[in-house]
Asker: 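Below you will find the structure I want to go over with you.
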Amino acid sequence: MHDLKSLRENPAFYDQNWARRGLAPQTPAILELDEKRRKLQTELQTAQNRRNEASKEIGSVKSKGGDAADLMAEVAALKDRMADLEAQEQDAATALNDLLSALPNMLADDVPDGADENDNVEIRRFGEPKTGNNAAVDHVAIGENLGMMDFEAAARVAGARFVVNKAGIARLQRALAQFMLDTHTTEHGYTEVDPPLLVSTDVMYGTTQLPKFREDQFETTDGRWLVPTAEVVLTNLVREQILDDSDLPLRYTAMTPCFRKEAGSAGRDTRGIIRQHQFYKVEMVSIVRPEESEAEHQRMVNCAENILKKLDLPFRTIVLCAGDIGFASRKTYDLEVWVPSQNKYREISSCSNCGDIQSRRMKARFKRPGAKDTEFVHTLNGSGLAVGRTLVAVMENYYDPTDGGIFVPEVLKPYMGGVSKIVKASS
RNA sequence: GGGCAGGUGGCAGAGUGGUUGAAUGCGCUAGUCUCGAAAACUAGUAUAGGUGCAAGCCUAUCGGGGGUUCGAAUCCCCCUCUGCCCGCCA
């Protein structure tokens, strides 16, 4: 949700900012509705005030044994008018809310201009990708040759965009998740959370998956939603709370399955596990004071990068341009890992500073010491990392063409029971 | 799934139709006292919105929604959450 007061005071700022995302001016319609709504509200409140007064008078007249018929007639008339005003005010408020909740966050000043992903800006690289190897074996071939990835079985039990991992690959993925979680909790100061995977509609609204991105979500028959990312649950942990200043910053991490319909992605990344209806992701979420969110953002990106560095996977970090940035985000860094079989970098993490757009929707506030008013917190989220895609990167970057095996990255060995290479079981 | 009991301010806990946004206690903040502290005393201490230059005034909120009434924390209905009992179940 957007700050109406601020929007009223500076509509040009909002329109200019939205224009960077390619949106037509929005504030004229908003301001008109807002004014209409407030006018109705004031009128309604005046009527309510008179009703309250009259009711008190009736009480006192009656207690003295007097006749309050005139006053009661006045209130009866007032009630009709109030019902009408209230309905109108509700309509205006709903319309205003619908309008506002469909509009994306304000971009940070230093977000580069641009129309789409081609205008994103690379800011740093790590590692040396093995380029030019068009014959690189992809993770599907590697996994199937090892007999540890079964897409046909997955299709039989669940349909397209699922996989069945087995044996060494299944364990490797578990090791990856474990390693990420341990690193975030012991080195990066995050608190591990084991959250619900089914959440309410309000929660999905809070982090902006609803109402605009309904098509990509799995809804249950009893009105709940499967989480598309742990961001949803972790961020909503502070919903409807007034936090104490000393509680901040809060840093949460969780490893969860994520469920997505991928409704708009038909035909994209159909091979392999790059884009699935269900995948594991280790997520980081920070809840911070407004003035701290920029620094926290940098910190979070470093935490995500650190995982890739420890795994010794080549990657690059980019800033998303105005045209490619997500709905809730003020500014987003993507980490892209080198995928040899595709001979390019692919997204493996996305770290976003959402400012106060989510906290406004969630009513997540905090109070500074001695302050009279509450303030909205800032929320940030980032993948640390997408486990399935990390598995792809490890399989392909650590592939041994001489025997079709996969070397286990050094940092994962403790999680693999001493196994240093995944090889085909001898039959 | 069935039944019973509940959900009131930061916490505890009154309140069962009429200045009750809400007693009282605790906690917290400020002041008095003190060399300082404790104790005691005094005052203050919810959230959101509207309106106003401002002081302020007004509206709403006692789990959520709807209803009855001139008037609802108090009465009625639905939902939800918590506790307990029974049933079922990983």
Asker: Taking the same atom, C1', in rG9(B) and in rA23(B), what whole-Å distance lies between them?
Answerer: 12 Å
Asker: Only one of T332(A), D334(A), D324(A) forms a side-chain hydrogen bond (donor to acceptor under 3.5 Å, both in side chains) with N120(A), so which one is it?
Answerer: D324(A)
Asker: Using a heavy-atom cut-off of under 4.0 Å over every strand shown, decide if K367(A) touches base, sugar-phosphate, or nothing.
Answerer: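 Sugar-phosphate only.
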Asker: Could you give the distance separating rA72(B) and rG17(B) at their P atoms, to the nearest angstrom?
Answerer: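 14 Å, rounded to whole Å.
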Asker: Side-chain N or O of R224(A) versus OP1/OP2 of rU80(B): is the shortest distance under 4.0 Å?
Answerer: no
Asker: Measuring to OP1 and OP2 of rG50(B), would you say a side-chain N or O of K39(A) lies under 4.0 angstrom away?
Answerer: no
Asker: Contact class for R360(A) (heavy atom, under 4.0 Å): base, sugar-phosphate, or nothing?
Answerer: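 R360(A): no heavy atom of the nucleic acid under 4.0 Å.
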Asker: What class does the angle between the rings of H188(A) and H184(A) fall in, given that below 30° is parallel, 30 to 60° is tilted and above 60° is perpendicular?
Answerer: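 The arrangement is tilted - the two ring planes meet at 30° to 60°.
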Asker: What contact category does T374(A) fall into here, base, sugar-phosphate, or nothing, at under 4.0 angstrom with non-hydrogen atoms?
Answerer: sugar-phosphate
Asker: Considering only rC70(B), rG50(B), rA60(B), which nucleotide approaches the side chain of R51(A) most closely?
Answerer: rA60(B)
Asker: Taking the same atom, C1', in rU59(B) and in rU19(B), what whole-Å distance lies between them?
Answerer: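 So the two C1' atoms sit 16 Å from each other.
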Asker: Less than 4.0 angstrom from a charged side-chain N to a carboxylate O is my criterion; do E57(A) and R50(A) meet it?
Answerer: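 Here E57(A) pairs with R50(A) in a salt bridge, since their nearest N and O are under 4.0 Å apart.
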Asker: Using OP1 and OP2 only, check whether a side-chain N or O of N49(A) sits under 4.0 Å from rU59(B).
Answerer: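 For N49(A), the contact criterion (side-chain N or O under 4.0 Å from OP1 or OP2 of rU59(B)) is met.
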Asker: Grab the CD-P distance between Q48(A) and rU51(B) for me, whole Å please.
Answerer: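 Interatomic distance, CD of Q48(A) to P of rU51(B): 15 Å.
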Asker: Measure the distance from NZ on K56(A) to P on rC58(B) and round it to the nearest whole Å.
Answerer: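 Answer to the nearest Å: 9 Å.
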Asker: Would one find a side-chain N or O of R8(A) under 4.0 angstrom from OP1 or OP2 of rG50(B)?
Answerer: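 Answer yes for this pair, as a side-chain N or O of R8(A) is under 4.0 Å from OP1 or OP2.
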Asker: If you measure from the Lys or Arg side-chain nitrogens to the Asp or Glu carboxylate oxygens, is any gap between E262(A) and R161(A) under 4.0 Å?
Answerer: no
Asker: With a 4.0 Å cutoff (strictly under), does any side-chain N or O of N52(A) reach OP1 or OP2 of rG71(B)?
Answerer: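 No, no such contact exists.
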Asker: Measure CG/L85(A) against C1'/rG49(B) and give the value in whole Å, please.
Answerer: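 That distance rounds to 17 Å.
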Asker: Need one value for L78(A): base, sugar-phosphate or nothing, where a base atom within 4.0 Å counts as base even if backbone is also close, heavy atoms only.
Answerer: nothing
Asker: Roughly how many Å is it from CD in Q90(A) to P in rA60(B), rounded to a whole number?
Answerer: 14 Å
Asker: Got a donor-acceptor contact below 3.5 angstrom from the N397(A) side chain to the A393(A) backbone?
Answerer: yes
Asker: Look at R38(A) and rU51(B) and indicate whether a side-chain polar atom (N or O) is within less than 4.0 Å of OP1 or OP2.
Answerer: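 Yes, within the criterion.
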Asker: At less than 4.0 Å, is any side-chain N or O atom of R365(A) found next to OP1 or OP2 of rA48(B)? Yes or no.
Answerer: yes
Asker: Looking for any heavy atom pair under 4.0 Å, which part of the strands does L71(A) touch: base, sugar-phosphate only, or nothing?
Answerer: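 Touches nothing.
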